[in-house]
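What follows is one structure encoded as structure tokens, with my remarks underneath.
Letters go in sequence order (proteins before strands), and every chain restarts at 1.
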Protein chains: 2
Amino acid sequence: MADASGPLDRVFHALADPARRGMLERLTRGPASVSELARPLSMSLPAVVQHLAVLEASGLVISAKHGRVRTCQLEPGSLQPAEQWINERRLGWERRLDRLGDYLARQTAKGDEGSPA
Amino acid sequence: MADASGPLDRVFHALADPARRGMLERLTRGPASVSELARPLSMSLPAVVQHLAVLEASGLVISAKHGRVRTCQLEPGSLQPAEQWINERRLGWERRLDRLGDYLARQTAKGDEGSPA
DNA sequence: TTTTCACTTAAGTATATACTTAACTAATGC
DNA sequence: GCATTAGTTAAGTATATACTTAAGTGAAAA
């Protein structure tokens, strides 16, 4: 799987890098230029631009150029599918543990009943 | 960033592949052997084992070998940091939009007040 | 109008991913 | 014991990542 074709692939991959997560955190505080995104990161500008490209390809960020500055911002709702996927897994898994707990409780009850003391 | 050192790096990276997400989905329905995880995937067993290694390195899955079969299961709570990170970003961003909305509403109100009709 | 600034493009490198096949090990089942 | 099964290890390959430096481009400031 080297293509990262599905939307979730791209979003999770985008989130898997601390520099990109840092850029996203910055953008939650409002739009920013490429240089502003780059400032706290210890890497070259082109490297930051490449990270930005990953973020845009994932749909998490959009940008537009005005004059010579490119302004970036979060794309509302783009995190939702990822959040939802995780949430569904957690729910499914919790339900399963609940059922398992019920089962074990019943088994214990049966055991208490069938072989008392 | 080629090391994927932080826990979030590893978790998000683990989630960024459809085969691995498929394995996780299978595991939400209960523990499974390596062969069971491999069955629906069209790739060799060693490839599946490598994906499993990524899942284990991320902390999402644990496994133990009994006899000749390795049984895998989800590690409870391991998804929480990822879910929480996303959730915090969404909240921060929604708060910002709220404030922006308030600001724009106030500006509009001032405008209505200052230059009526 | 010349310089500076904010990117952008190109090209190259080291490392990591996602696989493959082939050969091996060890527990089961007969 | 001997074949089968479940998984492991090793080694190799193609592609993708995460950077780098150097050389543009074009808007804005001086």
Side-chain angles (χ1 to χ4, degrees), chain A residues 1-24 26-27 30-73, chain B residues 1-24 26-27 30-73:
Chain A
M1 280 308 153
D3 59 310
S5 45
L8 280 180
D9 294 41
R10 280 189 286 265
V11 169
F12 282 130
H13 171 242
L15 295 178
D17 184 284
R20 289 193 290 263
R21 286 199 306 278
M23 293 166 77
L24 290 175
R26 167 62 189 82
L27 290 175
S33 70
V34 175
S35 314
E36 282 166 351
L37 291 178
R39 193 151 9 245
L41 301 173
S42 47
M43 66 179 69
S44 67
L45 228 226
V48 173
V49 171
Q50 284 175 42
H51 282 302
L52 180 59
V54 171
L55 289 170
E56 292 207 54
S58 74
L60 292 172
V61 167
I62 54 176
S63 74
K65 202 162 180 178
H66 301 105
R68 66 183 167 179
V69 23
R70 175 172 298 278
T71 302
C72 311
Q73 56 187 281
Chain B
M1 281 307 155
D3 60 310
S5 46
L8 281 179
D9 294 41
R10 280 190 286 265
V11 168
F12 282 130
H13 172 243
L15 295 177
D17 184 285
R20 288 193 290 262
R21 287 198 305 278
M23 293 166 76
L24 289 175
R26 167 61 189 81
L27 291 176
S33 70
V34 174
S35 314
E36 282 166 352
L37 291 178
R39 195 153 11 246
L41 302 173
S42 47
M43 65 179 67
S44 67
L45 228 227
V48 172
V49 172
Q50 284 175 44
H51 281 302
L52 180 59
V54 171
L55 288 170
E56 292 206 53
S58 75
L60 292 173
V61 168
I62 54 176
S63 75
K65 202 163 177 178
H66 301 105
R68 65 182 168 182
V69 23
R70 175 173 297 278
T71 301
C72 311
Q73 54 186 286

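- For the pair B:Met43 CE and C:dA18 C1', the computed distance is 8 Å after rounding to whole Å.
- Annotation: side chain of B:Glu56 is in contact with side chain of B:Leu52 (closest heavy-atom distance under 4.5 Å).
- For B:Leu45, whose side chain is taken as the heavy atoms from C-beta onward, the closest listed nucleotide among C:dT8, D:dT8, D:dA18 is D:dT8.
- The side chain of A:Arg20 lies closest to D:dA18 when the candidates are D:dT21, D:dA18, C:dC7.
- A:Leu60 places a side-chain heavy atom less than 4.5 Å from the side chain of A:Val11.
- The base of C:dA6 is not paired with the side chain of A:Arg68 by any donor and acceptor separated by under 3.5 Å.
- Nearest nucleotide to the A:His13 side chain, out of C:dT17, D:dA18, C:dT20: D:dA18.
- Of the possible donor and acceptor atoms, none in the side chain of B:Arg21 sits under 3.5 Å from a partner among the backbone N and O of B:Ala14.
- The side chain of A:Lys65 contributes an N or O atom lying less than 4.0 Å from OP1 or OP2 of C:dT8.
- Nearest heavy atoms, B:Val69 versus B:Ser33: CG2-CB, 3.8 Å.
- As a whole-Å value, the separation of B:Leu37 CG from D:dA6 C1' is 13 Å.
- Considering every non-hydrogen atom in both B:Ala47 and B:Met43, the closest pair reads CB-SD, 3.7 Å.
- Put simply, CZ on A:Arg10 is 16 Å from C1' on D:dT17, counting in whole angstrom units.
- The residue among B:Ser33 and A:His66 whose nearest nucleotide of DNA chain D lies closer to the 5′ end is B:Ser33.
- With DNA chain D read from its 5' end, the first of the two nearest nucleotides for A:Ala47 and A:Gly67 is the one closest to A:Ala47.
- Counting to the nearest Å, the P atom of C:dT20 and the NE2 atom of B:His51 are 9 Å from each other.
- Between the CG atom of B:Leu52 and the P atom of D:dT8 there is a distance of 8 Å, given to the nearest Å.
- For the pair B:Gln50 CD and C:dA16 P, the interatomic distance rounds to 15 Å; values are reported in whole Å.
- Phosphate proximity of C:dC19 to B:Ser44: absent, as no side-chain N or O sits under 4.0 Å from OP1 or OP2.
- Distance, A:Asp9 CG to C:dA18 C1': 13 Å, rounded to whole Å.
- Separating the CZ atom of A:Arg70 from the C1' atom of C:dC5 is a distance of 16 Å, rounded to the nearest angstrom.
- Here A:Ser35 reaches the OP1 or OP2 of C:dC7: one of its side-chain N or O atoms lies under 4.0 Å away.
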